[in-house]
Amino acid sequence: MEEFINNFAEQFDETEREEFSNDTKFKDLDEWDSMIALSIIAMMDEEYEITINGDDIKKANTIEDLFKLVNA
């Protein structure tokens with residue numbers, strides 16, 4: 001989980017790493033936008049060989065919700 005959070009946090013330029021935890025509601029972060037969503041999709045594909053789409057991100061509320069997709 002910690003590695004996933006670190007990879008997730010790397011997609012953000014301005015948000016400090018300390019802002020991220022398993023229960024972070026990532027869509028509430030000031031920096032969250034559609035470009036970061038695309039970065040998250042690409043990161044999950046490259047790092048975990050998991051293909052997700054915009055609907056998966058819309059359904060997820062927390063970083064842990066996305067992590068569960070990796071483990072599914």
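Residues: numbered from 1 along the sequence shown. Since we're looking at a predicted model, the values are computed, not measured.
- Distance CG/Asn22 to CZ/Phe8: 12.0 Å, rounded to 0.5 Å.
- Closest approach of Asp23 and Ser21 over heavy atoms only: OD1-OG, 2.6 Å.
- The salt bridge (Lys or Arg N to Asp or Glu O under 4.0 Å) contacts involving residues 41-68 comprise nothing, where partners must be two or more places apart or lie in separate chains.
- To the nearest 0.5 Å, the span separating OG1 on Thr51 from CG on Leu69 amounts to 11.5 Å.
- Between atom CD of residue Glu14 and atom CD of residue Glu19 there is a gap of 12.5 Å, rounded to the nearest 0.5 Å.
- Side chains of Glu31 and Ile36 form a contact here, defined as non-hydrogen atoms less than 4.5 Å apart.
- By the 4.5 Å heavy-atom criterion applied to side chains, Ile5 and Arg17 are counted as neighbours.
- You'll find the ring centres of Phe4 and Tyr48 inside the 6.0 Å limit.
- With contacts defined as side-chain heavy-atom distances shorter than 4.5 Å, the pair Thr15/Phe26 does not qualify.
- Surrounding NZ of Lys27 are more than 12 heavy atoms belonging to other residues, nucleotides or ligands, all under 6.0 Å away.
- In terms of heavy atoms, Ala37 sits closest to Ile57 at O-CD1, 3.6 Å.
- The CG atom of Leu66 sits 7.5 Å away from atom CD1 of Ile40, with the distance rounded to the nearest 0.5 Å.
- Interatomic distance, CD1 of Ile50 versus CZ of Phe67, reported as 10.5 Å (0.5 Å rounding).
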